[in-house]
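These numbers come from a predicted model, not from an experiment. Every chain is numbered from 1 and lettered A, B, ... according to where its sequence line falls, protein lines coming before strand lines.
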Amino acid sequence: MTVRTCDVAIVGGGIAGTAAAAYLTANGLSVVLLERQEVFSDLVRGEWLAPWGVAEAQRLGVDDAIAVGGGWEIREWTQWDEVVAPGDAVTVDMTSFVPGAGGPRGIPHHLVCDAIAEQAEESGAEIVMGARDCEVDAGEEPIVRYRKDDEAVEVRARIVLGATGTNCRVGRQVGLPMNTSVDHWGAGLRVEGLTDWPMDVQAMGTEGERNFMVFPQGDGMARLYLNYPTSHRHQYRGDGAAERFLADFELEALPGHGRSVYAAARPIGPLKEWPAITYRPQHGIVTDGVVLIGDEAGTSDTVLGVGLSCALRDVRIVSDVLLSEREWTPEAFLPYREERAFRMERLVFGASVIAKLQCEFGPEATARRRRVRALMDENPAAQVLGLLNMVPPEEVPEFGFSEFFVERLFRETV
Amino acid sequence: MTTTQSLLTDSVHVNGVDIAYVDKGEGDPVVLLHGFPDSHYLWRNQIDPLVEAGYRVVVPDQRGFGESSKPQDIEAYDMRTLVNDIVGLTQQLGIGRAHLVGHDWGAAIAWMYAFLMPRRVDHLAVFSVGHPGVFATPSIEQRKASWYMLFYQFPGVSEELLRRNGWRLFKEIIGADGDHRRYLRELAKPGALTAALNWYRANRSPEAELRTERNFPPVLAPTLGVWSTGDQALLEEGMTGSQKFVKGPWRYERVEDAGHWIPLDRPELTTDLLRGFLGSQSSAAAPSRRRRL
Ligand SMILES: Cc1cc2nc3c(=O)[nH]c(=O)nc-3n(C[C@H](O)[C@H](O)[C@H](O)COP(=O)(O)OP(=O)(O)OC[C@H]3O[C@@H](n4cnc5c(N)ncnc54)[C@H](O)[C@@H]3O)c2cc1C
């Protein structure tokens with residue numbers, strides 16, 4: 001068995017793990033990153049990075065890597081939806097919510113992870129691809145064991161960061177489990193060939209029994225998502241799934257009924273379905289020698305599109321503790337635990353409101369959406385929770401997070 | 001992770017900088033020069049076939065690009081300095097006379113090398129960029145096509161603008177052409193963008209640099225000019241008009257179905273053109289130098 005030592009061992013090389021490896025090595029710590037995949041491939045994850053996430057990426061110095069991996073600035077959101085005629089849909093300029101960040105980015109997730117991992121490697125991180133059977137022992141001197149090819153390796157680190165996403169592999173091993181709840185299902189597919197779709201403009205709206213999203217990535221490429229009721233789960237499995245998925249972008253709400261999407265799109269990745277699960281930690285996200293970050297530390301409903309931004313925020317706050325504190329005891333991470341608890345409370349609350357608005361289907365839900373839209377047109381303050389994907393949660397006005405506000409928003413008469 | 005995109009075999013210190021290069025094969029030497037914003041890797045599809053065809057193939061990363069030094073001051077990118085890098089490199093490698101092949105800025109360097117040092121050039125093959133003497137003043141069309149050259153002039157300003165919002169403007173200029181992903185990856189490295197733009201800042205544009213020197217010595221080597229119909233930045237007249245500066249045998253090839261990056265867009269055709277052309281003809285005689293009394 002090979003034994004190696006380092007300051008920080010990171011299990012999981014998604015956005016959280018790779019960004020942590022890049023930032024920590026750039027600041028002088030030694031890092032070993034263990035990623036299960038042999039090569040980064042499209043796992044169908046988040047590909048819309050909020051402006052506040054872009055600002056986090058800039059602070060971590062991974063914004064160039066995101067651009068290199070294919071990140072594309074999206075500038076406008078035209079709010080096509082079945083409750084408005086396509087010609088009347090309002091367009092929101094997304095480029096000035098966060099100074100210096102520009103609009104959100106459409107990112108090819110796996111290529112971006114690859115680019116950040118490459119940057120981390122160049123600044124000295126050891127990146128192990130194809131690391132299997134990771135086992136973490138928590139404690140003051142934590143240990144990670146894994147297998148690579150046929151070799152068994154033991155990593156002795158001062159601290160282990162659990163970043164295996166909703167796999168929650170590390171959390172389960174060290175006694176930090178999650179509670180889960182499912183709200184709806186979704187599916188995603190990366191495509192090219194959208195030559196007639198404006199690459200500056202994203203779509204996100206609801207029609208019939210689906211909530212649709214088009215996030216351009218430049219050069220005719222885009223990530224498409226559909227969300228739908230749990231009763232329709234598995235509708236995009238088996239033969240012809242990609243064809244069915246694309247055909248479902250034929251929507252009255254879009255200009256030209258969505259022809260520039262459904263008739264033009266060619267898949268450039270797998271189609272995957274997933275349950276939109278909210279993960280909430282049962283006891284905590286820190287124990288002796290182990291800290292969870294990214295999705296592994298808890299999520300809000302994916303419909304909000306802030307998981308990537310949260311992962312980058314986690315990396316910054318945890319890294320700042322690692323770089324400023326000499327002792328990496330659980331107490332040292334108190335600021336992280338408190339900030340994350342506050343952040344997730346707001347995001348989970350906001351996501352549940354957005355999900356109720358955009359991912360409930362049928363005549364009643366449509367009528368509700370129509371009422372809420374009217375209310376928002378009348379009083380823009382009613383859109384406050386929509387800010388959650390643009391600016392960081394602490395900057396969203398407090399009143400949006402009260403039951404009273406939500407009751408007003410959803411009540412039956414305007 | 002992405003495997004490193006490098007075929008480099010060595011590096012030498014010449015002309016005050018480190019120049020990394022590929023040196024492969026045995027036989028008559030061929031020097032392949034890349035342009036903006038490339039590296040030796042532009043020629044990856046031609047190197048092995050040329051080696052197999054019996055050439056010694058030398059492909060540098062020109063200063064400011066790839067693994068070579070990246071001085072940050074504009075003066076370090078003067079055309080003569082750039083030409084001297086190649087002179088120094090070939091001298092170090094013990095190469096006297098070579099076939100010179102260039103694309104984009106590399107073509108501009110090759111032209112200049114060819115008329116300044118006729119004895120060091122066997123055959124000359126230039127892609128995309130014509131002889132610097134073609135335009136006394138560039139046509140309006142040419143100015144329009146290469147507006148970005150002006151944009152690249154302002155130190156600091158254009159770095160900031162090109163990088164802003166996730167390199168959005170750079171992506172718009174380069175589009176999906178050439179090795180667009182690799183360019184961004186290379187240019188995002190510390191100091192790389194400034195170094196690359198300094199090529200434009202020191203020389204304005206590939207064919208503008210020597211405009212003031214009207215009396216170009218003739219190119220004596222047999223010369224192949226190649227231009228592609230899909231070039232967004234350079235016009236055909238730049239290449240066809242070059243003939244009058246060439247005293248050696250001249251051949252022009254117009255390539256369809258290729259954008260600006262001909263060696264990438266039509267790799268086999270590029271190789272075939274080179275294999276068919278290099279070593280095929282002999283130079284025009286050097287003008288005899290009568291001693292003046
Ligand atoms: C379909 C979908 C759409 C989404 N849309 C958005 C969106 O638009 N915007 C947004 O911000 N967020 C979105 N999210 C959420 C976003 O994808 C996540 O928040 C983000 O990917 C979390 O990053 P992470 O690094 O924590 O985890 P992950 O991205 O899940 O990465 C975990 C990594 O760990 C590796 N791993 C797992 N188990 C092991 C193991 N045992 N050993 C070693 N390595 C392991 C995995 O291979 C993976 O590389 C979406 C999520 C889904 C599923």
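Heavy atoms of A:D63 lying under 4.5 Å from chain B are absent altogether. In this structure, chain A has a heavy atom under 4.5 Å from the side chain of B:R163, while its backbone stays farther away. A:E122 touches chain B through its side chain: at least one heavy atom from C-beta onward sits under 4.5 Å away, while N, CA, C and O do not. Neither the backbone nor the side chain of A:A65 has a heavy atom closer than 4.5 Å to any heavy atom of chain B.
Residues of residues 68-75 of chain B lying within less than 4.5 angstrom of chain A, judged on heavy atoms, are absent.
A donor-acceptor pair shorter than 3.5 Å can be found between the side chains of A:Q37 and A:S41. B:D104 and B:H260 form a side-chain donor-acceptor contact under 3.5 Å, judged by distance and modelled atom types alone. At a cut-off of 3.5 Å, with distance as the only test, no side-chain donor of A:R36 or A:T164 sits close to an acceptor on the other residue. Side-chain contact annotation: A:H110 with A:D42, donor-acceptor N/O pair under 3.5 Å absent.
Enclosure of atom CD in B:E159 by more than 12 non-hydrogen atoms of other residues, nucleotides or ligands within 6.0 angstrom is indicated.
A:R105 forms no cation-pi arrangement with A:W72, by the criterion of a distance under 6.0 Å to the ring centre and an angle within 45° of the ring axis.
Ranked by heavy-atom pairs shorter than 4.5 Å toward chain B, the options A:A101, A:G103, A:G70 are led by A:G70.
Atom OG1 of residue A:T18 and atom CD1 of residue A:I116 lie 4.0 Å apart, to the nearest 0.5 angstrom. Expressed to the nearest 0.5 Å, how far CG of A:L34 lies from CZ of A:R147 amounts to 14.0 Å.
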